[in-house]
> 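Quick one: the structure is below, questions incoming.
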Amino acid sequence: MYLETSETFETEIAGEVFSLPVVQLNDRRAIALLMVIDMGVRFGDLVGKAIAERSATLKPDIVVGNATLGIPLAIEVSRRLDIDQYVILQKSPKFHLSDAMIESVRSITTVGSQHLLLDRRSIALLQGRRVMVVDDVVATGSSMAAAIRLVRRAGAEVVGLGAILTEGHAWREALGADADLLVSLGHIPQFDIIDGVAIPDAFTERDAKIDHQFYPDRTGNSGRKPSAA
């Protein structure tokens, strides 16, 4: 559960400036929270148009998004690319997903591990198709990486990735070579809590020098330099 603060963080998204609330994840770390479902119809149209314009040359056949916050983006990108059908990867088990394809995922905003589920009835929509995978915010990269694995298991070719925001830089390690496919409309840092105030962690800002020795390794052991908090 988030602990709301009185602070906000201004960031540019698709050429416009938005003020995002800063919320604490724990007593040492905070994030700027983008809730797409609360941003309104015009925002959805803005980001959908921007990602579609930047990915049109990839000529995707279909768009895949992650539930729940990736759903509006998948719809708007599909609309702007003039694609009628899209596929949503679910995060909660439902009666019609008892035989779903599953990939594990761990999110920075969710306690514990989750799963992404692909309805097997959607495989026919993906098999042999050129796919654009989209999500609202890419932070750890775990959700996006799991989506890519599911799409490829379904027999599709991932030609592009889209996000409204990237957060920090850990996603580069999680996505590996696929990181080069990602198009985002903006970037936000993570925050250290220092004397009760959320301070942007310089290592996670857009222009921070990337040093891969600070990323978690493949065994899950973190080599990242400690937080200033």
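For reference, positions follow the sequence shown, starting with 1.
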> Hey, any chance Ile123 and Leu150 share a hydrophobic cluster, counting ILVMFWY side chains that come within less than 4.5 Å of each other, even indirectly?
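In one cluster: yes.
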> For Ala56 and Leu81, which heavy atoms make the closest approach, and how far apart are they?
CA-CD2, 4.0 Å
> Work out which heavy atom in Asp178 is nearest to a heavy atom in Leu161; give both atom names and the distance.
O-CD1, 3.4 Å
> Rounded to the nearest 0.5 Å, how far does OG1 of Thr166 lie from CG of Leu185?
9.5 Å
> Got a salt bridge between Glu103 and Arg153, using NZ or NE/NH1/NH2 to carboxylate O under 4.0 Å?
yes
> With distance as the sole test, does His187 use its side chain to make a donor-acceptor pair with the main-chain N or O of Thr204 at under 3.5 Å?
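Looks like yes, one N/O pair under 3.5 Å.
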> Taking side chain as C-beta onward, heavy atoms only, is Leu126 less than 4.5 Å from Val87?
yes
> Quick one, Ile164 and Ile13 - any side-chain contact, counting heavy atoms below 4.5 Å?
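Yes. Closest side-chain heavy atoms under 4.5 Å.
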> Would you kindly confirm whether Trp171 and Val36 end up in one hydrophobic cluster when ILVMFWY residues are joined by side chain heavy atoms under 4.5 Å apart?
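The answer is no; the residues belong to distinct hydrophobic clusters.
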> For a salt bridge (charged side-chain N to carboxylate O under 4.0 Å, His left out) check, start with the C-alpha distance between Arg79 and Asp45, then their side-chain angles and the critical distance, and finish with the verdict.
CA-CA 9 Å; Arg79 188 195 314 277; Asp45 185 62; 5.8 Å; no
> Parallel, tilted or perpendicular: which describes the rings of Phe9 and Phe191, with under 30° parallel and over 60° perpendicular?
perpendicular
> What are the two closest heavy atoms between Ala154 and Met101, and how far apart are they?
N-CE, 4.0 Å
> Can you tell me how far the CZ atom of Arg206 sits from the NE2 atom of His169, to the nearest 0.5 Å?
9.0 Å
> Does Lys59 offer a backbone N or O that forms a donor-acceptor pair with the side chain of Arg130 under 3.5 Å?
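Checked: pair present.
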> Above 12 or not: heavy atoms from other molecules or residues under 6.0 Å from CG of Asp38?
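Atom CG in Asp38 is crowded, with more than 12 foreign heavy atoms closer than 6.0 Å.
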> Which distance, rounded to the nearest 0.5 Å, do you find between the CZ of Arg149 and the CG of Leu118?
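Between Arg149 CZ and Leu118 CG, I get 13.0 Å after rounding to 0.5 Å.
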> Flag yes if Val137 and Ile51 sit in one hydrophobic cluster, no otherwise; membership is Ile, Leu, Val, Met, Phe, Trp, Tyr, and two members link when side-chain heavy atoms are under 4.5 Å apart.
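Yes, Val137 and Ile51 fall within the same hydrophobic cluster.
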> Do Val131 and Val159 come within less than 4.5 Å of each other through their side chains, counting heavy atoms only?
no
> For Val105 and His115, which heavy atoms make the closest approach, and how far apart are they?
CG1-N, 3.9 Å
> Nearest 0.5 angstrom please: Asn66 CG to Leu89 CG, how far?
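If we round to the nearest 0.5 Å, Asn66:CG and Leu89:CG are 5.0 Å apart.
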> How about Leu175 and Leu181: do any of their side-chain heavy atoms sit closer than 4.5 Å?
no
> If you measure from CG on Leu73 to OG on Ser78, what distance do you get to the nearest 0.5 Å?
9.0 Å
> Evaluate the side-chain proximity of Gln190 to Phe203: yes if any heavy-atom separation is below 4.5 Å, no if none is.
no
> Take Asp180 and Arg172 through the test salt bridge (charged side-chain N to carboxylate O under 4.0 Å, His left out) and record every step on the way to the result.
CA-CA 9 Å; Asp180 292 337; Arg172 295 180 183 275; 5.8 Å; no
> Any donor and acceptor pair, going by atom type alone, linking the side chain of Asn26 with main-chain N or O of Arg28 inside 3.5 Å?
yes
> Under 4.5 Å between any side-chain heavy atoms of Lys91 and Ser143, yes or no?
yes
> Can any side-chain N or O of Glu205 pair as donor or acceptor with the backbone N or O of Ile188 at less than 3.5 Å?
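Absent.
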> Where do Ser55 and Met132 come nearest, in terms of heavy atoms and distance?
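Minimum heavy-atom contact is CB-CE, 3.6 Å.
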> Report the C-alpha separation of Arg29 and Asp192 in whole Å, then their side-chain angles, then the decisive distance to 0.1 Å, and conclude whether the salt bridge (charged side-chain N to carboxylate O under 4.0 Å, His left out) test is met.
CA-CA 5 Å; Arg29 206 68 165 164; Asp192 288 320; 2.5 Å; yes
> Below 4.5 Å, heavy atoms only, C-beta onward: do Thr11 and Val17 meet side chain to side chain?
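Thr11 does not reach Val17 side chain to side chain.
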> Measure the shortest side-chain to side-chain distance between Val64 and Tyr86 over non-hydrogen atoms and say whether it is less than 4.5 angstrom.
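With C-beta onward as the side chain, the pair stays apart.
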> Looking only at heavy atoms, which two atoms of Arg121 and Asp119 are closest? And how far apart?
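Residues Arg121 and Asp119, closest heavy atoms: NH2-OD2, 2.8 Å.
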